[in-house]
There are 2 protein chains.
Amino acid sequence: MTGRLNPNISVDCVVFGFDRDCLRVLLVEREIVFHGDTEKTVRDYKLPGSLVYNEELLKDAARRVLHDLTGIGGICLERYDVLDSLERMDNRVDRQWLEQTTGLSIERVVSVAFFGLVNLNDPLVSKVKDGARWMNLDETKQLPFDHSAIIERALAVLQQRLRVDATAFGLLPEKFTIAGLQQVFEVIGGEKLDSRNFRKKLKNFHFIVPLREKQRNVAHKPARLYSFDHKRFLQSRKSISFF
Amino acid sequence: MTGRLNPNISVDCVVFGFDRDCLRVLLVEREIVFHGDTEKTVRDYKLPGSLVYNEELLKDAARRVLHDLTGIGGICLERYDVLDSLERMDNRVDRQWLEQTTGLSIERVVSVAFFGLVNLNDPLVSKVKDGARWMNLDETKQLPFDHSAIIERALAVLQQRLRVDATAFGLLPEKFTIAGLQQVFEVIGGEKLDSRNFRKKLKNFHFIVPLREKQRNVAHKPARLYSFDHKRFLQSRKSISFF
DNA sequence: AAATCTTAGCGTACATATTACGCTAACTAT
DNA sequence: ATAGTTAGCGTAATATGTACGCTAAGATTT
């Protein structure tokens, strides 16, 4: 990457992993060594994030930082927040950590937050670098700093996107079942849906096209497979909202 | 304000002015002097914006910059976008202008965009500093740089807010008529509404409370006055959306 | 004083969405 | 054969959205 690190602007990434029946968040381990009477090492997990280069778009920086810290690349990231609190670097190891890591004297950092969403069954993303970890969403309520809040906000925005976007289909294979689609909405939306009403709703959406094919080797009545027609989706995009 | 200007972070403000039957945007004049064969001065209008101080929250910076450049203060501003294009300072007078104005050498500026909304009949905001001007929204399609696009995005976000927020009531006096409220939605939403259906919708919103009072001195049947009950609004806030 | 103009404000009919269910169908595992 | 499981259709009640007709109450005009 060209140029020098900008000491004032950073990015943070919240990557959600859809894991069939739960949501996870991608975090990276950080080691902090305290030089007190006795040397003591503490490990904690934080969101992947770092300073941006001067001649770098923020979304490029987010992708780079995510890839460098976790090994994950090629995913779609959306900007959703800006963190500018003056205290976020005070009284925190973050500041010291940033200065140690970057060699820069950090005065003030405004961080731009991004979020993304991947399917953890995709082998491209399920394997992460050493030190990175997919943590269950439920377990992220006690993260250091404001990272729990950052994740909470990201989830709220993701849930909004899901209602309006084609986001959900990005998690599914080419051919999927209605039940599979429903589970995406349930896991990310955080609530159970009535499968019969869910079906009915989809009937109006002509961009979800039934195939002649059916499931096989399942221990119950095999379900019809469907595919997502992106072209039709864009056409009928005027006034759609899922569940 | 404390500290030094941060050469990397700026704010831009889009302030909409509701003017009974149209929307305006607050712009500031900028003089550019070209030193060619003959000296030539060009004036254009831009959004109010400038660099932030190191020890300043972005929303405080936005308020400060807005007040300094236009004389308008005490309004609510909401962050809605981040402008990080690498070209936004290239080949543009903006860069030169910033360096002249601030005395700093500008390498890269990420700008955080805010928008606000005021009632132009409010004397506190209708009078602006010399060089500032309320321009009709229709006339802002040809502004220099990306400012037209910034305004367009701000309007889209404002329209979304209007559906969910109590934003509309901020433009109205304590006691208002249904027709008055409707006009807010029409002017900002950019489309006519059926007054009878609009009324019907409001019947369900118990935070719009009818008063015993009526209009006076109008050349038609006087309308009932209503007031907005913010406490009740917050209670019933779960699943409300206007028109 | 009567007619007219204008906006207020109620009501109706129809279409479309939402919610809460019952029920049968089709497959596998035992 | 039977039980267990999910697929997938249908129905009825309710809520919401849309397109109107019509009368009411004031000021203004004739």
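Reckoned from all heavy atoms, side chains included, excluding hydrogens, waters and symmetry mates. Letters A, B, ... mirror the listed sequences (proteins, then strands); counts begin at 1.
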Practice task
Could you check whether A:Asp194 gets within reach of a base, just the sugar-phosphate, or nothing at all, counting any heavy atom under 4.0 Å?
Solution key: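 Contact class for A:Asp194: base.
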
Distance in angstrom units between [X] [atom1] and [N] [atom2], rounded:
| X | N | atom1 | atom2 | answer |
| --- | --- | --- | --- | --- |
| B:Phe198 | D:dC20 | CZ | C1' | 18 Å |
| A:Lys203 | C:dT18 | NZ | C1' | 16 Å |
| A:Phe205 | C:dT16 | CZ | P | 15 Å |
| A:Arg163 | C:dA17 | CZ | C1' | 15 Å |
| A:Leu211 | D:dG8 | CG | C1' | 16 Å |
| A:Leu181 | D:dT6 | CG | P | 18 Å |
| B:Leu193 | D:dG17 | CG | C1' | 13 Å |
| A:Arg199 | C:dT24 | CZ | C1' | 14 Å |

Practice task
Scan for side-chain hydrogen bond (donor to acceptor under 3.5 Å, both in side chains) pairs involving residues 119-134 of chain B, sequence neighbours excluded, and state none if there are none.
Solution key: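 Passing the test, one end in residues 119-134 of chain B: B:Asn119-B:Asn121, B:Arg133-B:Glu139.
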
Handout entry: Listed once per pair and sorted, the side-chain hydrogen bond (donor to acceptor under 3.5 Å, both in side chains) pairs that draw on residues 171-186 of chain B, sequence neighbours left out
Key =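 Of all non-adjacent pairs touching residues 171-186 of chain B, those that pass side-chain hydrogen bond (donor to acceptor under 3.5 Å, both in side chains) are B:Lys175-B:Glu213, B:Gln182-B:Glu186.
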
Practice task
For A:Phe176, check ring-ring contact (aromatic ring centres under 6.0 Å, His included) against everything at least two apart and list the hits.
Solution key: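 Scan of A:Phe176 (ring-ring contact (aromatic ring centres under 6.0 Å, His included), adjacent residues dropped) gives A:Phe169.
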
Exercise for the section: Using the test side chain to side chain donor-acceptor pair (under 3.5 Å), find all partners of A:Arg196 that sit at least two apart in sequence or belong to another chain. Expected result: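 Testing A:Arg196 for side chain to side chain donor-acceptor pair (under 3.5 Å), a comparison that skips the adjacent residues, returns A:Asp194.
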
Where do N or O atoms of nucleotides 12-15 of chain C meet protein N or O atoms at under 3.5 Å, pair by pair?
from, atom 1, to, atom 2, distance (Å)
C:dT12, O4, B:Lys200, NZ, 2.9

Handout entry: For B:Val65, all residues meeting side-chain contact (heavy atoms from CB on, under 4.5 Å), sequence neighbours excluded
Key =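 With sequence neighbours excluded, B:Val65 shows a side-chain contact (heavy atoms from CB on, under 4.5 Å) to B:Val11, B:Ser50, B:Leu69, given in chain and number order.
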
Exercise for the section: Please list, chain by chain and in numerical order, all residues satisfying salt bridge (Lys or Arg N to Asp or Glu O under 4.0 Å) with A:Arg63, sequence neighbours excluded. Expected result: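 Counting only residues at least two positions away or on another chain, A:Arg63 forms no salt bridge (Lys or Arg N to Asp or Glu O under 4.0 Å).
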
Practice task
Taking A:Ser148 for its side chain and A:Thr140 for its backbone only, find out whether a donor-acceptor pair lies under 3.5 Å.
Solution key: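 Yes: the side chain of A:Ser148 pairs with the backbone of A:Thr140.
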
Distance-only check: which donor-acceptor pairs under 3.5 Å involve side-chain atoms of residues 76-84 of chain A, not counting sequence neighbours?
from, atom 1, to, atom 2, distance (Å)
A:Glu78, OE1, A:Arg161, NE, 3.2
A:Glu78, OE2, A:Arg161, NE, 2.6
A:Glu78, OE2, A:Arg161, NH2, 2.6
A:Arg79, NH1, B:Asp81, OD1, 3.3
A:Arg79, NH2, B:Asp81, OD1, 3.2
A:Arg79, NH2, B:Val82, O, 3.4
A:Tyr80, OH, A:Ile150, O, 2.9
A:Asp81, OD1, B:Arg79, NH1, 3.3
A:Asp81, OD1, B:Arg79, NH2, 3.2
A:Asp81, OD2, A:Arg153, NE, 2.7
A:Asp84, OD2, B:Leu58, N, 2.6

Practice task
Could you label the plane-to-plane angle of the B:Phe205 and B:Phe207 rings as parallel, tilted or perpendicular, counting under 30° as parallel and over 60° as perpendicular?
Solution key: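 Geometry flag for B:Phe207 against B:Phe205: parallel rings.
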
Fill in the blank from the handout: Once base and sugar-phosphate atoms are separated, protein heavy atoms under 4.0 Å mark nucleotides 22-30 of chain D, 5' to 3', with B, S and - as B-BBBS---

